[in-house]
Asker: 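The structure under discussion is supplied below as C-alpha cells; questions concerning it will follow.
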Amino acid sequence: MAHRVEELALAGTRTGTRRYLTVHRFGTPGARPKAYVQAGLHADEIPGMLVAHHLIGALAAADAAGTLRGEVVVVPVANPGGLAQVVAGVPVGRYALDRDGNFNRGFADLADAAEAGVRGRLGSDAESNVALIREALRAAHAGRTPRGDATEVETQRHALLGLALDADLVFDLHCDMEAVVHLYTGDALWPDAADLAAELGAEAVLLARDSGGGPFDEACSSPWWTLAERLADEGPVPPACLAATVELRGKADVDDPIAAADAAALMRVLMRRGVVAGDPGPLPALRCAATPLGGLDRVLAPAAGVVSLRKRPGDRVAAGEAVADIIDPAATDPARARTTLVARTAGILMARTNLRFAGPGDLIASIAGAEVLDARGHGLLFD
Ligand SMILES: [Zn+2]
C-alpha cells in the first residue's frame, strides 16, 4: 500500500482549539515486522524531527521501489502542544506548563490488564503466545480510552501508545542538552538491540528493567518481561517489542547531513530486521559496552553558580576526576567561590548541561559507568 498520512485528533484544550498528531503509515497494516518511530515527544528536542523527515523520504522511496516488507508508522511531531509552549521567546518542551508533568512520563502500564486477558491461555509456542499477548495489550489499551474530561496530554499519551504497542521495534527519538549518541533500553533487550546501537554509533547504552515514571519506550516493552515472569509456568514469552529511547546528541545538533545519516542508519536497522528488503552491508563495530542505568553518575550542582565545564561529551573520565566547577560570582571571598565537581565513577561523560548557570541540584553532567552506584530515593531517570 502506498504511503498514507492521517491526522489523529487530540482532546481540545480550551474552547475553540484542537491539535492533531500527523501519522505517516507505510506498508500493509498488520504486516510484520512492524516498526514505530516517533520524534519530538519532548518538544524542544529537535534532532529527531529532522531524522524523521529524512526517514519518511527514505521509506516513501522504499515503498515506491516495492521493497517494504513489514509495516512502518512514523510520527515526526509526537507532541504538537509541547511545541506550542513558548514562554517569553523560549521553547518549553519537556514539561507541560499546566499540570500534566513531563511529557515522557506517565504512559500506561498495561501489564496487569494484559495478564488478566491471557492467563490460562498460553502454551508452548512462543509465536502464538506473542499474538495472544498483543491482542490482550490492544484490549487493555482500548479499555483505558480517555474519558471526555481527559486533558490533551492524556489523550496524546493514549494515542501514541496505541500506535506503538503492538510493534516489534519502537524507536523514540530524543536528545540531551549537549551529548554523544546514547540509548536507553531494557535489560531484556540487550544484546538484541546491539544492531541499533552499532548503526547509530551509540557511545553509551543504559539498561534498566524499570527506570521509573513510565517513559514511552518502557510502556511498549516492559509488559513483555513482566508477563514472561508472571506467566513462566504457562509457556515462553519473548521480549517481543524492542523499544529504545534514542538520544540523538544535543539540542543544538540539528544538521541535515547528520540527520540524513541517522535516518540511513535506522533504515539499515529496518533492513536487518526484515521490515525493508535490501542489503544493509556489514554491521559497524559497537562503540561501547552496555552499562546499567543504575551506574549512571548524575553530577549535580551542590549550590548556585556559574558552570565551568572541564570535560566534553564523549570524554572518558576516571573516578575522582574533576568534570566541572561551580563558581559563586557573588562570593565575598573569590578564593572560596569555587566548588569542583568530581566523577563518582569511571566511564564516559555522555551528556552535559547546555546552561552555564546552575541552581542547587541542577544536573551538570552524566557519566555512564559499569558499576551500579548507591540506590537513590527516586526513579532511575533524572526527572
Ligand atoms: Zn527527551
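Hydrogens, waters and symmetry mates are skipped; everything else that's a heavy atom, side chains included, is used. Here the structure is a predicted model, which means the values were calculated and not measured. Start at 1 and go down the list; that is how both ligands and their atoms are numbered.
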Asker: Are there over 12 heavy-atom neighbours, none belonging to R287, within less than 6.0 Å of that residue's CZ?
Answerer: no
Asker: Main chain of K311, side chain of R352: is a donor-acceptor contact present, judged purely on distance under 3.5 Å?
Answerer: yes
Asker: Judged by modelled atom types alone, do D297 and T345 share a side-chain donor-acceptor pair under 3.5 Å?
Answerer: no
Asker: With P282, which residues qualify under side chain to side chain contact (heavy atoms under 4.5 Å, CB included), at least two apart?
Answerer: none
Asker: In the protein, how many N/O/S atoms are under 2.8 Å from the Zn ion (ligand 1)?
Answerer: 4
Asker: So that I can tick it off, tell me whether R310 and D325 are bridged by a salt bridge, with the cut-off set at under 4.0 angstrom between side-chain N and carboxylate O.
Answerer: yes
Asker: Are E234 and R121 close enough, and set up right, to give a salt bridge (Lys or Arg N to Asp or Glu O under 4.0 Å), and what steps lead you there?
Answerer: CA-CA 8 Å; E234 291 200 22; R121 298 171 61 208; over 6 Å; no
